[in-house]
Novice: 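Let me give you the structure first, and then I'll get to my questions.
Residue numbers start from 1 in every chain, and the chains themselves are labelled A, B, ... in the order their sequence lines are given, proteins ahead of strands.
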Amino acid sequence: MSRGMAPVEDQLAALLRGTEFGDEPTRRVMEAELRERLAEGRPLRVYCGYDPTAVDLHLGHTLTMRKLRTFQDLGHEVTFLIGNFTTLVGDPSDADRTRPMLSPEEIEENSRTYVDQAFRILDRERTIVRRNADWLGALSFGDVLRVASHFTVAQFLERDNLARRFERHDPIHISEFLYALMQAYDAVAMETDVQVGGSDQLFNLMAGRVLQREYGQRPQVAITLPLLSGTDGNLKMSKSLGNHIGIDEPPNDLFGKVMSIPDSSLRSYFTLLTDLPDVEVEALLAGAPMEAKKRLALEITAGLHGSSAAEAARGYFESTIQRRETPSEMPEYALDGEAPEGERSLLRVLAASGLAASSAEARRLVAQGAVRVNGERALEAARPLSPGDELRVGPRRFLRVVAGAGRGA
RNA sequence: GCAGGGGUGGGAGAGUGGUUAAUUCCAGCGGACUGUAAAUCCGCCGCCGCAAGGCUACGCAGGUUCGAAUCCUGCCCCCUGCACCA
């Protein structure tokens with residue numbers, strides 16, 4: 001593990017890529033401190049905490065994981081921290097709403113999903129997985145008081161969203177203050193050198209520094225990353241906003257969704273989600289947006305599914321979406337060719353196969369000219385189908401009717 | 001416990017007895033244009049039904065009424081403040 005490490009400045013450049021600190025002074029301080037520690041030539045203890053609240057991870061979640069991976073590749077010691085204790089309490093720090101508290105079972109379930117998905121990016125062999133309930137759960141109330149005594153209410157009210165809510169006389173729970181303390185204590189408990197997090201976590205990371213100093217430790221270096229914008233290009237990626245690209249999406253969908261981001265997001269996607277060198281990124285951005293985006297989609301897809309799957313996804317995109325060709329592979333639906341026509345109607349098949357969510361929707365789709373049978377626009381919902389027919393709904397939903405028993409599987 | 005506010009379709013949020021399957025916005029879907037970009041335009045957007053039409057729906061259960069998301073009764077849940085908890 002202790003082979004020679006890369007030159008400090010090289011490491012620094014890689015580690016600071018894509019980072020975003022609240023302000024310039026903070027960035028300078030963090031950069032200087034990070035340089036100092038890298039110069040010590042030892043593996044740094046790095047971690048990032050994840051709240052096992054959501055089950056579906058999206059590309060936005062991968063930013064910090066990718067940063068951890070960079071640390072790993074440079075020979076540092078990475079801990080994937082599961083905030084199973086914090087989640088038990090509910091995290092109020094983001095946005096202005098309070099998240100629900102989850103049951104221990106749900107948290108466990110989510111944690112497993114998280115770790116599984118995280119290993120698409122992190123090196124399983126070199127990742128330490130820990131849970132903060134192990135130490136937070138062991139604190140006595142007295143311990144908590146001692147931790148709390150190092151902070152003042154004013155420090156919290158410096159925060160934008162808390163200040164805003166205070167002004168509006170909206171409720172602010174004491175537990176919201178404690179939440180930051182818990183995160184801060186994580187840093188103390190693990191005696192970390194570096195903590196990685198989203199820029200919305202900056203306050204919590206800084207709280208870790210405060211507390212470490214109080215406990216006689218050297219304050220950790222905080223590395224924060226911007227929030228990734230969603231497919232709409234404006235709002236941050238989030239499942240509830242419906243603008244997310246899931247980590248678990250099949251290659252074709254992943255590739256396609258990346259292709260749908262606005263041009264204005266290209267640069268940030270490149271720097272945050274790929275390892276392409278800056279010069280190459282600049283060259284791509286100077287060229288045709290379409291080509292740059294395809295390269296982006298290829299890189300991202302390859303990162304999660306491997307390069308051959310990514311190439312295949314590009315091929316699918318180019319032929320099926322761009323050239324409007326019929327893909328060779330498509331889901332199949334078994335239909336008894338001998339059944340009465342009413343049983344074999346386009347409408348029935350659309351609804352029964354799941355191409356349309358309901359027959360009402362199937363009717364709408366047909367009426368709107370969204371459905372093609374063997375390449376011809378079909379406007380009659382009642383028309384019977386036969387084995388061999390190929391359906392296309394909208395640009396990207398396909399179905400091949402095959403001979404089969406009864407009403408199809 | 002007391003007081004006040006609130007529970008409406010994926011989300012936000014209108015609507016306080018009758019053209020309300022329910023204004024509007026967001027999201028979503030489809031079509032046109034295109035580069036699955038942006039911008040723009042048009043249409044759709046509870047379920048069943050080829051259709052006519054039917055069914056279900058505004059926290060739950062009843063009631064008043066020709067007619068209720070809208071009025072009454074009971075219940076459940078959420079939020080906030082106060083009190084209690086010495």
Novice: Do NZ/NE/NH1/NH2 and the carboxylate oxygens of A:R35 and A:E31 come within less than 4.0 Å?
Specialist: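 Judged by the 4.0 Å cut-off on N to carboxylate O distance, A:R35 and A:E31 do form a salt bridge.
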Novice: Expressed in whole Å, how much space separates the P atoms belonging to B:rC76 and B:rG28?
Specialist: 40 Å
Novice: Measuring only the P atom in each nucleotide, how far is B:rG17 from B:rG30? A whole number of Å is fine.
Specialist: 41 Å
Novice: Under a 3.5 Å threshold, yes or no: a donor from one side chain and an acceptor from the other, between A:Q201 and A:Q195?
Specialist: no
Novice: Hey, is the main chain of A:Q155 close enough, under 3.5 Å, to the side chain of A:T152 for a donor-acceptor pair?
Specialist: yes
Novice: Would you measure the distance from the P atom in B:rA39 across to the matching atom in B:rA27 and give it in whole Å?
Specialist: 10 Å
Novice: Write down the partner of B:rU56 under the Watson-Crick or G-U wobble criteria, each distance required to be under 3.5 Å.
Specialist: none
Novice: Once the angle between the rings of A:Y185 and A:Y215 is folded into 0 to 90°, is it parallel (under 30°), tilted (30 to 60°) or perpendicular (over 60°)?
Specialist: perpendicular
Novice: Taking only Lys NZ, Arg NE, NH1 and NH2, and the carboxylate oxygens of Asp or Glu, determine whether A:E108 and A:R131 approach each other closer than 4.0 Å.
Specialist: yes
Novice: Mind checking who B:rG17 pairs with, Watson-Crick or G-U wobble, both distances under 3.5 Å?
Specialist: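 In the structure as shown, B:rG17 has no Watson-Crick or wobble partner.
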Novice: So what's B:rG28 paired with, Watson-Crick or G-U wobble, going by both distances under 3.5 Å?
Specialist: B:rC44
Novice: I'd like the C1' distance from B:rG46 over to B:rC41, given in whole Å.
Specialist: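 Nearest-Å result for B:rC41 against B:rG46 at atom C1': 28 Å.
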Novice: Does a donor on one side chain and an acceptor on the other come within less than 3.5 Å for A:Q117 and A:H61?
Specialist: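 No, no side-chain donor-acceptor pair sits under 3.5 Å.
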Novice: So that I can tick it off, tell me whether A:R126 and A:D73 are bridged by a salt bridge, with the cut-off set at under 4.0 angstrom between side-chain N and carboxylate O.
Specialist: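 Result for this pair is yes, salt bridge flagged.
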Novice: If we take the C1' atom in both B:rA14 and B:rG6, what is their distance in whole Å?
Specialist: 15 Å
Novice: A:L350 has an atom CG; how far is it from atom C1' of B:rG30, in whole Å?
Specialist: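 Rounded to whole Å, this separation is 13 Å.
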Novice: Could you point out which residue of A:E77, A:R37, A:E33 forms a side-chain contact (heavy atoms from CB on, under 4.5 Å) with A:D193?
Specialist: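 Running side-chain contact (heavy atoms from CB on, under 4.5 Å) over A:E77, A:R37, A:E33 with A:D193 returns exactly one hit, A:R37.
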Novice: Now, which nucleotide makes the Watson-Crick or G-U wobble pair with B:rC85, with each of the two distances under 3.5 Å?
Specialist: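 Pairing partner: none.
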Novice: Taking atom P of B:rG10 as reference, at what distance in whole Å does atom NE2 of A:H244 sit?
Specialist: 18 Å
Novice: Let's go through A:R28 and A:E24 carefully: what are the C-alpha distance in whole Å and the side-chain angles of both, what is the deciding distance for salt bridge (Lys or Arg N to Asp or Glu O under 4.0 Å) to 0.1 Å, and is it a yes or a no?
Specialist: CA-CA 6 Å; A:R28 276 201 298 273; A:E24 187 55 25; 3.6 Å; yes
Novice: What protein N or O atoms touch nucleotides 32-36 of chain B N or O atoms at under 3.5 angstrom, if any, and at what distances?
Specialist:
unit_1 : atom_1 : unit_2 : atom_2 : d
B:rG35 : O6     : A:D263 : OD2    : 3.3
B:rG35 : N1     : A:D263 : OD1    : 3.3
B:rG35 : N1     : A:D263 : OD2    : 2.7
B:rG35 : N2     : A:D263 : OD1    : 2.5
B:rG35 : N2     : A:K293 : NZ     : 2.9
B:rU36 : OP1    : A:Q322 : NE2    : 3.0
B:rU36 : O2     : A:R396 : NH2    : 3.2

Novice: With a 4.0 Å cut-off on N to O distance, would you call A:R120 and A:D248 a salt bridge?
Specialist: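 So A:R120 pairs with A:D248 through a salt bridge.
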Novice: With rounding to whole Å, what would you report as the distance between B:rA57 and B:rC48 at their C1' atoms?
Specialist: 15 Å
Novice: Can you check each nucleotide of nucleotides 52-58 of chain B against protein heavy atoms at under 4.0 Å and return B for base, S for sugar-phosphate only, - for none, in 5' to 3' order?
Specialist: -------
Novice: Between the protein and nucleotides 43-49 of chain B, are there any N/O to N/O pairs under 3.5 Å, and if so, what are the atom names and distances?
Specialist:
unit_1 : atom_1 : unit_2 : atom_2 : d
B:rG43 : N2     : A:Q368 : OE1    : 2.9
B:rG43 : N2     : A:Q368 : NE2    : 3.4
B:rG43 : N3     : A:Q368 : OE1    : 3.1
B:rC44 : O4'    : A:Q368 : OE1    : 3.0
B:rC47 : OP1    : A:S358 : OG     : 3.1
B:rC47 : OP2    : A:R364 : NH2    : 2.7
B:rC48 : OP1    : A:S359 : N      : 3.4
B:rC48 : OP1    : A:S359 : OG     : 3.3
B:rC48 : OP2    : A:S359 : N      : 3.3
B:rC48 : OP2    : A:A360 : N      : 2.9
B:rG49 : OP2    : A:S359 : OG     : 2.4
B:rG49 : N7     : A:R363 : NH1    : 2.9
B:rG49 : N7     : A:R363 : NH2    : 3.0

Novice: Flag the pair A:D278 and A:R17 as a salt bridge only when some basic side-chain nitrogen lies within less than 4.0 angstrom of an acidic carboxylate oxygen.
Specialist: yes
Novice: If you measure from the C1' atom in B:rA69 to the same atom in B:rG18, how many Å do you get, rounded?
Specialist: 13 Å
Novice: When the nearest nucleotide of RNA chain B is assigned to A:G369 and to A:A382 on a heavy-atom basis, which residue is associated with the more 5' position?
Specialist: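 In this pair, the answer is A:G369.
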Novice: Apply the test side chain to side chain donor-acceptor pair (under 3.5 Å) to residues A:T113 and A:D116: give CA-CA distance (whole Å), side-chain angles for both, the deciding distance (0.1 Å), then the verdict.
Specialist: CA-CA 5 Å; A:T113 310; A:D116 283 349; over 6 Å; no
Novice: Please state the C1' separation for the pair B:rA37 and B:rU24 - nearest whole angstrom.
Specialist: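 Each nucleotide's C1' atom is 28 Å from the other's.
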Novice: Taking CG from A:L365 and P from B:rG28, how many angstroms apart are they, rounded to a whole number?
Specialist: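 That distance rounds to 16 Å.
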Novice: Provide the Watson-Crick or G-U wobble partner of B:rU80, both distances under 3.5 Å; none if there is no partner.
Specialist: B:rA3
Novice: Now, which nucleotide makes the Watson-Crick or G-U wobble pair with B:rG67, with each of the two distances under 3.5 Å?
Specialist: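 Result: none.
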Novice: Ion pair present between A:E282 and A:R267, side-chain N to carboxylate O less than 4.0 angstrom?
Specialist: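 Judged by the 4.0 Å cut-off on N to carboxylate O distance, A:E282 and A:R267 do form a salt bridge.
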